[in-house]
Amino acid sequence: MPNAPTLGNKQPKPKAAGKQPHLPTFAPQRNSSVLGHPGFEEALDKTLKAAQSRYTGGLSPIALGTAWSDWALHLSSAPGKQLQLARKAMDKSARLSRYAASCATHGVTERCITPLPQDRRFRDAAWQKWPFNLIHQAFLLNQQWWYNATTDVEGVTQQHENVVSFAARQILDVFSPTNFIATNPEVLAKTAATGGMNLVNGWMNFIEDASRQANGDKPVGAEAFEVGVNLAVSPGKVVFRNRLIELIQYAPTTKTVRPEPILIVPAWIMKYYILDLSAQNSLVKYLTSQGFTVFMISWKNPDADDRDLGMEDYRTLGVMDAVDAASTICGADQLHAIGYCLGGTLLSIAAAKMARDKDDRIKTLTLLATQTDFTEAGELTLFINDSQLTYLEDMMWDKGYLDAKQMAGAFQLLRSNDLIWSRMVHDYLMGERTPMIDLMAWNADATRMPYRMHSEYLRRLFLNNDLAEGRYFVDDRPIVISDIRAPVFLVGTEHDHVAPWKSVYKFNLLSDTEVTFVLTSGGHNAGIVSEPGHPHRHFRQDTAHLSATYTDPDTWYDQTPPQDGSWWPALAEWLSQKSAKPVAPPKMGAKSKGLAPLCDAPGTYVFQQ
C-alpha cells in the first residue's frame with residue numbers, strides 16, 4: 001500500500017478471503033469439557049490431575065520431567081561439556097581459595113564474583129566481613145556454575161533449557177545464605193541488638209500470615225484500603241451492565257471536554273481500579289482533569305457458572321458493548337481506546353476486527369504494557385507448552401476457573417528473590433513489616449479466570465502466537481494487526497517481567513500505522529501508575545511515522561534520550577492533538593436510549609470476591 005513503512009524483513013501480509021479449514025476456530029477443542037461433559041475415562045484423568053495439582057503448585061510434573069530428561073540425556077552424552085564443567089568447577093574452587101587466603105592475610109579485599117545488578121541480597125557492608133564474605137561468594141560461584149551447567153548444552157530445546165535453568169535457580173535460592181539466621185549477618189546483628197525480639201516478632205508475623213492465608217483473608221494492612229472509600233474514588237456512574245462487565249462513566253471535572261470519549265479496557269486478571277487507585281495517582285482523575293470524558297470497564301469476577309465464557313465473549317460482551325454504550329452516550333462517531341496488559345491485547349483484537357470490517361469508531365489506540373506478539377513474552381513462556389497447558393486445563397476443569405491464588409503463585413515464582421525470599425527474611429527473620437500501600441492492596445485483590453477463556457488465551461496467543469501470525473479468527477475470518485489504521489500510543493516499562501518491553505515493541509513489526517512508542521521507568525504496574533510528581537521517574541519517547549523504516553529496540557533505546565518525569569502528560573498531549581475542539585460535557589448516561597445510570601461508581605462487580 002502507499003506510504004507503508006519498510007519494517008526490516010517484514011513481508012506483505014496477503015488478505016485471506018476466508019477461513020482455512022485446517023485451522024481451529026479456538027484452540028482447546030481437544031478438551032471436550034469446554035463444550036460439553038467428558039466421558040468417564042476422561043473425567044477420571046482430569047480428576048486425578050486436578051487433585052495432583054494441589055501439591056505441585058499447578059506445575060505439571062511431566063512437563064518438568066521432560067525438560068529435565070532432555071537436559072540430562074544431552075549432558076550425559078556430551079563429554080566435552082562435562083570436561084568444561086569440571087574445569088569450571090576447579091577454576092571456581094581455586095578462585096574461592098585465593099579469595100579466602102587474601103582475606104585472611106590482607107583483610108578486606110576485592111570480591112572474586114560480583115552479584116548480578118538485580119540481585120540486592122548482599123549489598124549490606126556486613127556481607128564483606130569474615131566469614132560472611134566467604135559464604136556469600138561461595139554461594140554466588142555455585143550459582144554461576146549451575147547456570148553454566150544448565151545452559152549451552154547442545155541439542156536441548158530452548159524452552160527446556162530455560163525451564164531447567166529456571167528450576168535450578170529456584171532451588172538454589174531456597175538455600176541462599178540470606179535465608180538462614182546463622183549465615184545472615186544482618187539478621188544476627190538485629191538479633192543481638194534486640195535481644196532476640198526480632199525472631200519473636202517474626203514468629204508472630206508468620207502465625208498471623210498463616211492464619212490469614214488459611215482463612216482467605218487479605219494481607220496485613222490491606223484493611224486500611226477500602227474500595228469506594230480511599231481506593232477507586234473518582235466520582236462517576238455505572239451506565240451499563242451485562243453478565244461480564246459494568247461500564248463506568250466518570251463525572252467531568254472541566255467546563256468543556258474533547259468530543260471523543262476515552263474508553264479504558266483494563267486487564268481482567270485483576271480489579272480495574274489500578275487505573276483509578278488513589279486520589280493522588282489515579283489515571284482516570286488525571287485524564288478527566290485534562291478535559292476528557294472517561295469510561296472504564298469493570299470486569300465481573302467469574303465463578304463456576306462462567307466456565308464457558310471464551311475470548312469471543314470477552315470481546316463482544318466486554319469491548320464491543322462498551323464501545324457501543326460510550327459512543328451512544330456521548331453521541332460521538334469516534335473514541336480514544338486505551339488498553340492495559342491483557343485488556344490491551346483484547347482491545348487490539350477488537351480493533352483489528354473493527355478495521356477489517358470497516359468500523360472506524362476507534363480514532364486512536366493506546367496500549368499499556370501490552371503484547372500482541374508472544375514469541376518473546378519473557379519467563380511466563382516457561383509455563384507454556386502443550387503438556388503444561390493440558391495440566392492447567394485439567395486443574396481448572398473441576399472448578400470451572402483458575403483460582404487467583406494459583407495465578408499469583410506463578411507470578412511470584414518469576415521474581416522469587418523479591419516477592420518470596422526477601423519478604424520472608426524481612427518479615428520473619430528481621431521481624432519487621434513493610435507498610436501496606438495502595439498498589440500492594442490492589443495487588444492483593446485478585447480475580448479468577450474462566451476455564452474456556454484462559455485456555456483459549458494461553459493456547460491461541462502464547463502457545464501458537466495466532467494473532468501475530470494471521471491465524472486468529474473472528475467470525476470465521478482471520479484478523480491482522482496491520483489492518484489497524486488508527487495512530488497508536490504504545491507504552492512499555494523497563495523492568496517488566498510480565499510483558500517485557502522488547503516484546504511490547506514488536507507491535508511495530510505488525511503494524512501499518514503511525515506508532516508513538518514510550519518506554520518508562522518502573523515495572524509492569526508501578527511503571528504505568530506513574531503520576532506527575534512521582535519521584536525518580538523518567539521515560540523515552542519517539543514516533544515512527546508511516547514513511548519511517550524499522551528501528552530495532554536496542555538502537556531505538558540508544559538513539560532516544562530519557563526525559564525526567566511522568567509520561568502521563570505526554571499521553572494527554574498526544575490525545576489532545578488527535579482530538580477535535582472541546583465541547584460541553586455529555587450527560588451521565590443516556591436514559592432515553594436505554595443507558596440510564598444504574599448506581600454510583602465504583603459499581604458492584606468490583607466488590608465480588
Side-chain angles (χ1 to χ4, degrees), residues 222 224-241 245-258 260-268 270-301 318 322 325-326 329-330 332 335-341 343 366 368 437-443 445 447 525-526 528-534 566-569 571-572 575-576 579 582 584-590 595-608:
F225 296 89
E226 187 175 349
V227 174
V229 177
N230 54 1
L231 298 174
V233 295
S234 293
K237 300 284 186 181
V238 173
V239 293
F240 174 80
R241 180 187 295 128
I245 71 165
E246 288 182 331
L247 183 65
I248 301 172
Q249 179 184 358
Y250 291 95
T253 60
T254 55
K255 293 182 179 179
T256 59
V257 297
R258 299 290 180 172
E260 302 88 353
I262 291 175
L263 170 64
I264 301 179
V265 183
W268 56 82
M270 300 293 281
K271 298 293 178 68
Y272 82 90
Y273 61 88
I274 185 174
L275 300 177
D276 184 31
L277 204 52
S278 300
Q280 73 276 9
N281 57 5
S282 166
L283 180 59
V284 167
K285 181 180 179 182
Y286 179 77
L287 290 174
T288 55
S289 73
Q290 300 301 305
F292 293 99
T293 300
V294 178
F295 292 81
M296 175 96 80
I297 289 176
S298 174
W299 299 100
K300 178 188 178 183
N301 194 0
I329 290 172
C330 294
L335 52 77
H336 301 298
I338 298 178
Y340 179 29
C341 188
T366 298
L368 312 178
I437 60 174
D438 50 12
L439 190 60
M440 294 168 60
W442 165 84
N443 193 57
D445 193 9
T447 61
N525 296 323
I528 299 303
V529 184
S530 182
E531 71 281 1
H534 194 295
S566 166
W567 59 271
W568 287 11
L571 171 62
L575 290 171
S576 295
S579 301
K587 295 182 179 179
M588 300 296 288
L595 293 168
L598 303 175
C599 63
D600 290 333
T604 60
Y605 282 178
V606 72
F607 292 105
Q608 294 174 332

Please report the closest heavy-atom contact between [X] and [Y], naming both atoms and the distance.
X: Gly603; Y: Val238; value: CA-CG2, 3.5 Å
X: Trp268; Y: Thr447; value: O-OG1, 2.8 Å
X: Pro585; Y: Val257; value: CA-CG2, 3.6 Å
X: Ile338; Y: Leu571; value: CD1-CD2, 4.5 Å
X: Val606; Y: Lys271; value: O-NZ, 2.9 Å
X: Pro266; Y: Ile297; value: CG-O, 3.1 Å

Quick check: does any side chain N or O of [X] sit under 3.5 Å from a backbone N or O of [Y], one acting as donor and the other as acceptor?
X: Ser566; Y: Ser530; answer: yes
X: Asn230; Y: Asp438; answer: no
X: Trp568; Y: Ile528; answer: yes
X: Gln249; Y: Val239; answer: no

Distance check, rounded to the nearest 0.5 Å: Leu277 atom CG versus Leu231 atom CG?
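If I round to the nearest 0.5 Å, the distance is 6.0 Å.
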
When rounded to the nearest 0.5 angstrom, what is the spacing between OG in Ser282 and OH in Tyr273?
13.0 Å

Does either side chain, that of His336 or that of Thr366, offer a donor lying less than 3.5 Å from an acceptor on the other one?
no

Test Tyr250 against Asp276 for side chain to side chain contact (heavy atoms under 4.5 Å, CB included), laying out the working first.
CA-CA 11 Å; Tyr250 291 95; Asp276 184 31; 4.0 Å; yes

Report the C-alpha distance between Thr604 and Glu246 in whole Å, list the side-chain angles of each, state the deciding distance to 0.1 Å, and finish with yes or no for side chain to side chain donor-acceptor pair (under 3.5 Å).
CA-CA 8 Å; Thr604 60; Glu246 288 182 331; 2.4 Å; yes

